[in-house]
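Down below is the structure, laid out as structure tokens.
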Amino acid sequence: MTDNKRTNGLTILAFAIMIVLGGSNAVAVRFSNQELPPFWGAAFRFSTAAVILWAVVLVRRKQIPRGRALLGMVIYGTLTVGVSYAFLYWALVYVTATVTMVVGTLVPLITFFLAWAHGQEKFRWRGLIGALISFGGILFSVGGEIGSSIPLLPLLALLAGGFALAEGSVLIKSYPKSDPVIVNAIALTTGAVILFLLSLIAGEVQSLPGSSTTWIAYTYLVVGGTVMLFYLYLYVLQRWTASATSYSFLLFPVWTILLASWLTDEVLSPRFLLGGVFLLFGVWLGAFSRPRKPKNIEPAVIQG
């Protein structure tokens with residue numbers, strides 16, 4: 001196996017694990033929000049994860065980048081953690097996890113246009129059509145579960161959070177690459193400070209969880225849903241385009257529904273299975289497929 005094939009195989013594996021970890025995040029946040037105020041719950045989660053990552057940085061004796069690389073990490077943390085999760089946590093007080101993840105499936109489309117607008121990626125019809133097909137598949141599969149009454153402001157907050165996440169993922173690729181552990185340590189620290197300040201401004205009660213359910217949700221969000229997930233996201237983002245990496249947001253709801261079906265013995269409907277086929281086809285078309293290169297035709301040799 002060549003190095004390129006091995007690297008691509010590891011990236012696909014990281015992408016798959018990322019789907020498994022991220023698929024339950026919205027549900028865990030809903031549990032967290034039942035006891036902890038949204039901004040404080042997010043700040044508590046990310047500050048704890050940042051402490052873990054800084055411990056890893058110190059043990060490995062990694063040097064902290066400076067200049068443009070450090071600036072990129074701060075911008076990345078401001079957008080993808082501070083701004084994005086402020087909107088996400090607040091919205092999840094009012095809407096369900098299903099609604100949140102369905103709105104999240106717009107992130108690949110937003111990322112596609114932002115990457116094109118920033119001149120990072122060429123306009124690809126395959127990427128646009130694939131994202132649209134996948135989004136349609138998600139809506140067909142779970143759209144009936146959303147309900148008819150969705151508060152407008154939380155919906156706009158989810159869209160704003162998705163835009164901030166997409167913009168941060170695009171911008172970080174314009175700065176020098178660094179170790180994902182260091183990037184996430186700085187990004188989570190930046191985001192946690194912003195969220196903590198928002199919690200103070202909102203006058204939230206900053207207390208520790210009291211119930212075992214909240215502690216379980218919090219522990220998962222810190223270890224699996226932040227430290228591991230954010231590392232894998234950057235790992236994939238450094239090897240794929242921003243738009244291809246963002247296709248993970250299309251697969252998060254699928255994993256969540258499959259997991260819920262397994263845990264509760266619910267039967268998957270034919271509607272969900274059919275929508276899943278369109279979803280997977282759209283992901284393949286937009287993220288993995290490439291147009292065939294024309295074969296080189298050797299010029300005919302005229303024999304004299």
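Taking Ile, Leu, Val, Met, Phe, Trp and Tyr as hydrophobic and joining them when side-chain heavy atoms fall under 4.5 Å apart, one finds V51 isolated, its cluster having no other members.
A donor-acceptor pair under 3.5 Å is formed between the side chain of T219 and the backbone N or O of W215. Checking side-chain atoms of Q238 against main-chain N and O of S178 turns up a donor-acceptor pair under 3.5 Å. Side chain of K62 to backbone of I182: no donor-acceptor contact under 3.5 angstrom is found. When atom types are taken as modelled, the side chain of K173 and the backbone of T241 share no donor-acceptor pair closer than 3.5 angstrom. Judged by distance alone, with hydrogens and angles left aside, the side-chain atoms of W40 form a donor-acceptor pair with the main-chain N or O of S207 at under 3.5 Å. A distance-only check finds no donor-acceptor pair linking the side chain of T226 to the backbone of V223 [under 3.5 Å].
Contact annotation: the side chain of V227 never approaches that of Y231 to less than 4.5 Å [non-hydrogen atoms, C-beta and beyond]. Within the 4.5 Å cutoff, the side chain of T245 has no heavy atoms near those of the S169 side chain. Taking 4.5 Å as the limit, every side-chain heavy atom of T214 sits out of range of all side-chain heavy atoms of F31. With a 4.5 Å cut-off on side-chain heavy atoms, S32 and R45 do not count as touching. Two residues are said to be in side-chain contact when any heavy atoms from C-beta on lie closer than 4.5 Å; L234 and Y76 meet this criterion. By the 4.5 Å heavy-atom criterion applied to side chains, L208 and F44 are counted as neighbours. Contact check for V81 versus T190: no side-chain heavy atoms found under the 4.5 Å cut-off. Between L158 and Y94, the closest side-chain pair of non-hydrogen atoms is not below 4.5 Å.
M73 pairs with exactly one of T189, N184, V183 by the side-chain contact (heavy atoms from CB on, under 4.5 Å) rule, that one being V183.
Taken together through direct or relayed side-chain contacts under 4.5 Å among Ile, Leu, Val, Met, Phe, Trp and Tyr, M228 and I52 form part of one hydrophobic cluster. Both M18 and L188 sit in one connected hydrophobic cluster of ILVMFWY residues. Membership requires side-chain heavy atoms under 4.5 Å apart, directly or through other members. Hydrophobic clustering (side-chain heavy atoms under 4.5 Å, transitive across Ile, Leu, Val, Met, Phe, Trp, Tyr) keeps F163 apart from V83. Hydrophobic cluster membership differs between F87 and V193, with clusters built from Ile, Leu, Val, Met, Phe, Trp and Tyr side chains linked at under 4.5 angstrom. Connection of V20 to L13 is established within a shared hydrophobic cluster, with ILVMFWY side chains joined at heavy-atom distances below 4.5 Å, either directly or through further cluster members.
The shortest non-hydrogen separation linking S84 to G161 is OG-O, 3.0 Å. For the residue pair A86 and L198, the shortest heavy atom distance occurs at CB-CD1, 3.7 Å. A42 and L195 get closest at one heavy-atom pair: CB-CD1, 3.7 Å. Nearest heavy atoms, A242 versus E121: N-OE2, 3.2 Å. Between P108 and F249 the shortest heavy-atom distance is CD-CB, 4.2 Å. A pairwise comparison of heavy atoms in H118 and L171 identifies CE1-CD2, 3.7 Å as the closest pair.
Rounded to the nearest 0.5 Å, atoms CG (N25) and OH (Y220) are 4.5 Å apart. Atom OG of S248 sits about 11.5 Å away from atom CG of L21, to the nearest 0.5 Å. Note that CG of L109 is 11.0 Å distant from CG of L114, once rounded to the nearest 0.5 Å. The CD1 atom of I110 lies 9.0 Å from the CG atom of L165; values are rounded to the nearest 0.5 Å. Atom-to-atom distance recorded for L36:CG and Q206:CD is 11.0 Å, nearest 0.5 angstrom. Atoms OG and CG, on S174 and L71 in that order, are 11.0 Å from each other to the nearest 0.5 Å.
Aromatic ring centres of Y233 and F230 lie farther apart than the 6.0 Å criterion allows.
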Inset, instruction - Report the C-alpha distance between T48 and Y218 in whole Å, list the side-chain angles of each, state the deciding distance to 0.1 Å, and finish with yes or no for side-chain contact (heavy atoms from CB on, under 4.5 Å). - result: CA-CA 10 Å; T48 307; Y218 163 75; 2.5 Å; yes

Inset, instruction - Test I75 against I172 for side-chain contact (heavy atoms from CB on, under 4.5 Å), laying out the working first. - result: CA-CA 8 Å; I75 293 174; I172 190 63; over 6 Å; no

Inset, instruction - Show the numbers, then the answer: is there a side-chain contact (heavy atoms from CB on, under 4.5 Å) between F39 and Y89? - result: CA-CA 7 Å; F39 300 137; Y89 266 72; 5.5 Å; no

Inset, instruction - Give the intermediate values and the outcome of side-chain contact (heavy atoms from CB on, under 4.5 Å) for residues V57 and I64. - result: CA-CA 9 Å; V57 171; I64 307 301; 4.1 Å; yes

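Ring orientation note: the planes of F46 and Y85 are nearly perpendicular, at an angle over 60° on the 30°/60° scale.
For E204, the side chain to side chain donor-acceptor pair (under 3.5 Å) criterion is met by S199, not counting sequence neighbours.
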